[in-house]
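Each chain gets a letter, A, B and so on, in the order the sequences are listed, and its residues count up from 1.
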2 protein chains.
Amino acid sequence: MSGTRHSTQRDAILTLLRSTKTHPTAEWVYFSLKEDFPSLGIATVYRNLKLFEKQGLVQRIDVGDGYDHYDADISQHYHFHCTSCRQVLDLDMPKLEFDSCLPEGHIAEHHQLVFFGKCCKCNEEQCS
Amino acid sequence: MSGTRHSTQRDAILTLLRSTKTHPTAEWVYFSLKEDFPSLGIATVYRNLKLFEKQGLVQRIDVGDGYDHYDADISQHYHFHCTSCRQVLDLDMPKLEFDSCLPEGHIAEHHQLVFFGKCCKCNEEQCS
DNA sequence: CCCATAAATGATAATGATTATCATTTACAA
DNA sequence: TTGTAAATGATAATCATTATCATTTATGGG
C-alpha cells in the first residue's frame with residue numbers, strides 16, 4: 001500500500017512557506033525552522049520542497065542566482081529580482097496571453113517572467 | 001597596464017557560439033571544440049563564457065535545468081524550453097513593454113521570459 | 001628581433017547547492 | 001498492539017561551476 005503519511009516537519013515547512021512572500025531558499029527555510037525543530041535535517045527540507053513542487057503545492061523560481069527559490073503562491077504571477085539586495089519580489093501584473101505567439105505545434109504548460117534590476121529601496125540607497 | 005589580449009581559444013569559443021542557435025552549455029562548447037583544440041581545458045571555456053557575459057557579448061539563459069546556457073544573440077528575445085527534449089528554442093515574438101507595470105521606484109535593466117512545455121517534435125512523438 | 005611582463009591557459013583542487021544512501025524513527029491500518 | 005512502509009536525520013556523494021597555480025603565450029618597448 002503506497003501513500004503519503006502525515007509528518008510534523010512537512011506541515012511546518014509548508015506552513016512557513018505559506019506565511020511569507022519572500023520566496024525563500026531551502027537554506028532559509030531550514031534555519032527559520034531550526035528554532036522550533038532543533039532536530040530538523042536539511043535533507044528533509046530539500047526533500048519536501050521537491051515533493052511540494054511535484055504535487056503542485058508550490059512553484060520553484062529560478063532567477064539564476066544559484067539558489068532554488070520556492071513560492072507557495074501558485075497563482076500566475078511574475079517576479080522582480082533585485083540584483084543588488086538579491087530579493088525576489090512579487091509583481092502585481094495581469095497574466096499575459098502569449099500562447100498564440102508560439103510556433104506551430106508547440107504547447108506551453110506554463111511560463112516564467114522575471115525582471116532584473118534594482119528595487120526602489122536599493123535605488124534610493126545608491127547601492128552599487 | 002591592464003587590458004585584454006588576443007587568444008585563439010577565446011576567438012574559437014565566441015565564433016562557435018555565434019554559429020549556433022542552440023544556446024549551448026559550457027560542456028557542449030568544450031566537447032565541440034575538442035576536435036580542433038585537443039588541448040583545450042574546460043576551465044577556459046567557463047572563464048571565457050563568463051567574460052563574454054560580463055562584456056555583454058553573450059547572454060546567459062537560466063531555464064532551471066541545472067545548466068547555464070549561453071546565447072550569442074543579445075537582441076531582446078524570448079525562449080521556449082522543451083521539458084521533454086531539453087532544447088532551448090528562440091521565439092519570434094515582439095518585445096513586450098512592461099516597465100510601466102513595475103512598482104514605483106523599481107528599475108528593470110532587463111527581463112527574461114521562458115515558456116516551458118513540449119516542442120512540436122516532442123508533441124508529435126508522444127514523448128512522455 | 002628579443003625581452004619583460006602580465007594576461008591566458010590547462011590541470012586540478014575546491015566550492016557549494018542539491019541529491020542519494022541508509023540506519024533509525026514514526027505514522028497508521030489491521 | 002504490532003507489522004509495515006513512509007519519513008526523518010546524518011552524512012556521503014554528485015556535479016556544475018569557480019579558484020588556484022604553474023606554465024605558456026601575446027604584445028609593446030627597447
(Q) Side-chain N or O of A:Q9 versus OP1/OP2 of C:dT26: is the shortest distance under 4.0 Å? (A) no
(Q) Before you tell me yes or no, could you show the steps for A:Y70 and A:F52 under ring-ring contact (aromatic ring centres under 6.0 Å, His included), namely the whole-Å CA-CA distance, both residues' side-chain angles and the distance that decides it to 0.1 Å? (A) CA-CA 10 Å; A:Y70 290 89; A:F52 295 152; 8.8 Å; no
Q.
With a 4.0 Å limit, can you tell me whether B:R10 has a side-chain N or O closer than that to the phosphate oxygens OP1/OP2 of C:dA8?
A. yes
Q) With a 3.5 Å cut-off and no angle check, do the side chains of B:H6 and B:D11 form a donor-acceptor pair? A) yes
Q: Grab the CG-C1' distance between A:D11 and C:dT26 for me, whole Å please.
A: 14 Å
Q. Under the 3.5 Å rule, do the base of D:dA5 and the side chain of A:R5 count as making a donor-acceptor pair?
A. yes
(Q) Does D:dT17 have its OP1 or OP2 closer than 4.0 Å to a side-chain nitrogen or oxygen of B:K50? (A) no
Q) Would you find a donor on one side and an acceptor on the other, under 3.5 Å apart, between the side chain of A:T15 and the backbone of A:A12? A) no
Q: Report yes if a side-chain nitrogen or oxygen of B:Y46 is closer than 4.0 Å to either non-bridging phosphate oxygen (OP1 or OP2) of D:dT17; otherwise report no.
A: yes
Q: Would you please say whether a donor-acceptor pair under 3.5 Å links the side chains of B:H79 and B:D90?
A: yes
(Q) Rounded to whole Å, how long is the line connecting atom CG of A:N48 with atom C1' of D:dT8? (A) 9 Å
Q.
Is there a side-chain contact between A:S7 and the phosphate of D:dT8, meaning an N or O under 4.0 Å from OP1 or OP2?
A. yes
Q | Atom pair distance, as rounded to whole Å: CG in B:D62 and P in C:dT18 | A | 12 Å
Q | Protein-nucleotide distance (A:L40, atom CG; C:dT25, atom P), rounded to Å | A | 17 Å
Q) Atom CZ of B:F37 to atom P of C:dA8: distance rounded to whole Å? A) 16 Å
